[in-house]
Amino acid sequence: MATYRSVFDAAELRAQLNDAGINTKFMASIWKYVLQNPGCELDEIPDLPSSAYRLLRTKFKPFTSTVHSVFHSTDGVTTKLLFKLQNGAFVEAVIMTYDTRLGKYGGKPRLGGPRSTLCISSQVGCKMGCKFCATGTMGFKNNLTSGEIVEQLVHASLLTNIRNVVFMGMGEPLNNYTALVEAIRVMTGSPFQLSPKRITVSTVGIIHAINKLYSDLPGLNLAVSLHAPVQEIRCQIMPSARAFPLEKLMTALQTYQKNSQQKIFIEYIMLDGMNDEEQHAHRLGKLLETFQVVVNLIPFNPIGSSSQFRTSSDQKVSDFQKILRGTYNIRTTVRKQMGQDISGACGQLVVNLPDKRTRENTSLLTDIEDLRI
């Protein structure tokens, strides 16, 4: 059976158009038409050179993935999408609805209203094996193509207007570096026109890729899954940390921040008795006090009854936050959990088929990208 490439796979589309002597300026109009007419055949796209139609028909499809299932959380603000890929594998993405009116800007209430952030997957499974993360239990299956990454945004955009994209779904984005960079370049170009400031890439700390990221994708938000202030604890909960020593990672982040002049988001999952004591807060504060960061404390989401970790108490999370804020003047937030009932919360993405849920209207939340201001 012939394997088609996604029309959103920019490198392949560009190469094929170049080989056929067709101007690559038509790429944006092809994408725009498919976005506006998701059920279309590529033959229907108007105003292309005649040679382009045969090329598109024989090599490409508007979509190589399909939306297999949509799960709505009872929290009323979280929707999980399950996509079936051309190779039969499944990946997940999560839409989270936030309210830009929450929080303050320059001491005054914000303008705006509800809009959505899309949490995107970059791989089927993950090699990193973090012990608190459900995706890690799947092992690594394969990298997504840049087209399969972009298609998650296209499918989600048909349900709601996506303003922000976070690469915090299945997989380690920087382990699929070439496809990641290409997908983000498509998202920030015509017709998507997402601002790089509205895109966040989360990594466990792949040092050599962090060193390249700023020159390849300036203006992007970087989030680092730190999860412990010392190398020994990091290695216990994140086996991949052995390859990326904390000292070298912090040096890479220093260089990244110097080049980008942007805040770095630090993700820190709160594990009871493991990394949530006052001494850990002080170690983390000292580690980060020379950086411009926002620390995002994430309550642990248990992944089944066999989990070796427990969720930190609200009091411990609050005490931890007070130390970082009060002693070290580090901006610190606590992530509100969303979509736990549909396994759509942080660390819960693993391909399974939960029961479909209904939506109930509840209050909207403030969003990570808005913390930059």
Side-chain angles (χ1 to χ4, degrees), residues 1-16 31 59-68 80-94 118-130 133-156 165-189 192 194 199-213 216-217 220 222-225 238-241 243-244 347-352:
M1 191 179 108
T3 300
Y4 292 88
R5 298 299 287 260
S6 167
V7 80
F8 293 100
D9 193 334
E12 188 65 22
L13 182 58
R14 190 179 295 110
Q16 293 284 351
W31 293 336
K59 306 265 187 181
F60 294 93
K61 279 185 170 180
F63 295 95
T64 55
S65 61
T66 55
V67 180
H68 180 273
K80 185 164 78 169
L81 304 175
L82 183 67
F83 302 111
K84 186 173 185 181
L85 307 179
Q86 193 168 221
N87 66 1
F90 290 88
V91 291
E92 296 176 333
V94 179
L118 177 66
C119 178
I120 277 182
S121 294
S122 54
Q123 298 178 311
V124 182
C126 186
K127 292 179 183 171
M128 297 294 97
C130 298
C133 177
T135 310
T137 65
M138 290 175 62
F140 174 71
K141 305 287 196 294
N142 61 269
N143 282 325
L144 297 187
T145 65
S146 64
E148 287 168 335
I149 294 172
V150 175
E151 282 183 22
Q152 293 172 67
L153 173 60
V154 179
H155 287 305
V165 168
V166 295
F167 283 83
M168 296 181 183
M170 297 166 66
E172 163 54 60
L174 297 189
N175 271 350
N176 188 12
Y177 189 83
T178 304
L180 172 81
V181 170
E182 178 140 295
I184 291 174
R185 284 177 177 161
V186 172
M187 292 174 183
T188 54
F192 296 96
L194 275 177
I199 299 176
T200 302
V201 171
S202 177
T203 175
V204 299
I206 314 293
I207 292 169
H208 60 273
I210 290 171
N211 290 336
K212 290 192 294 183
L213 193 61
D216 287 334
L217 292 169
L220 196 73
L222 178 65
V224 179
S225 297
M238 304 166 70
S240 65
F244 309 107
Q348 288 189 318
L349 292 194
V350 62
V351 170
N352 54 24

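What you see is a predicted model; the values in this text were computed from it and never measured.
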> Which atom pair, heavy atoms only, marks the closest approach of F192 to V186?
Replying inline: CD1-O, 3.5 Å
>> What's the separation between atom CD1 in I149 and atom OG in S65, rounded to the nearest 0.5 Å?
In response: 11.5 Å
> Could you walk me through whether L217 and I199 pass the side-chain contact (heavy atoms from CB on, under 4.5 Å) check?
Replying inline: CA-CA 10 Å; L217 292 169; I199 299 176; over 6 Å; no
> Is any side-chain heavy atom of M168 less than 4.5 Å from a side-chain heavy atom of I120?
Replying inline: no
>> Is it true that T64 and E151 share a donor-acceptor pair across their side chains at a distance under 3.5 Å?
In response: yes
> Taking side chain as C-beta onward, heavy atoms only, is N87 less than 4.5 Å from N142?
Replying inline: yes
> Taking atom CG of L153 and atom CG of L194, what is their separation to the nearest 0.5 Å?
Replying inline: 6.0 Å
>> If the condition is ring-ring contact (aromatic ring centres under 6.0 Å, His included), which residues does F167 pass it with, not counting sequence neighbours?
In response: none
> Hey, is D216 close enough to K212 for a salt bridge, meaning N to O under 4.0 Å?
Replying inline: no
> Do E12 and Q16 meet the criterion of a side-chain donor-acceptor pair at a distance under 3.5 Å?
Replying inline: yes
> So which heavy atom on S225 is nearest to which on M238, and how close?
Replying inline: O-CE, 3.4 Å
> Under 6.0 Å between the ring centres of H68 and F83?
Replying inline: no
> Roughly how far, to the nearest 0.5 Å, is the CD atom of E182 from the OG1 atom of T145?
Replying inline: 9.5 Å
> How are the rings of H155 and F63 set relative to one another: parallel (under 30°), tilted (30 to 60°) or perpendicular (over 60°)?
Replying inline: parallel
>> Evaluate L118 against V166 for side-chain contact (heavy atoms from CB on, under 4.5 Å), listing each step before the verdict.
In response: CA-CA 6 Å; L118 177 66; V166 295; over 6 Å; no
> Of the non-hydrogen atoms in C119 and G169, which two are nearest, and what is the gap between them?
Replying inline: SG-N, 3.4 Å
> When rounded to the nearest 0.5 angstrom, what distance separates OG1 in T188 from CG in L220?
Replying inline: 9.0 Å
>> With side-chain contact (heavy atoms from CB on, under 4.5 Å) as the criterion, how do V224 and S202 come out once you've worked through the C-alpha distance, each side chain's angles and the decisive distance to 0.1 Å?
In response: CA-CA 6 Å; V224 179; S202 177; over 6 Å; no
> Looking at residues at least two apart in the chain, or sitting in another chain, which of them share a side-chain hydrogen bond (donor to acceptor under 3.5 Å, both in side chains) with S240?
Replying inline: none
>> Can you confirm whether the side chains of N176 and Q123 place a donor and an acceptor under 3.5 Å from each other?
In response: no
>> We want to know whether E92 and S121 form a side-chain donor-acceptor pair, criterion being a heavy-atom distance below 3.5 angstrom.
In response: no
> For V7, does its backbone N or O pair with a side-chain atom of W31 as donor and acceptor, under 3.5 Å?
Replying inline: yes
> For M170 and V91, which heavy atoms make the closest approach, and how far apart are they?
Replying inline: SD-CA, 3.9 Å
>> Minimum heavy-atom separation for E172 and L174, please, with both atom names.
In response: OE2-N, 3.0 Å
>> How close do P173 and V201 get, counting heavy atoms only, and between which atoms?
In response: CB-CG1, 3.9 Å
> With N211, which residues qualify under side-chain hydrogen bond (donor to acceptor under 3.5 Å, both in side chains), at least two apart?
Replying inline: none
>> Would you compute the distance between atom OG of S146 and atom CG of L180 and round it to the nearest 0.5 angstrom?
In response: 10.0 Å
> Side chains of L144 and V124: does their closest heavy-atom pair fall under 4.5 Å?
Replying inline: yes
> Looking at side-chain heavy atoms only, is the closest gap between L81 and Q152 below 4.5 Å?
Replying inline: no
> What distance do K84 atom NZ and F90 atom CZ have between them, rounded to the nearest 0.5 Å?
Replying inline: 5.0 Å
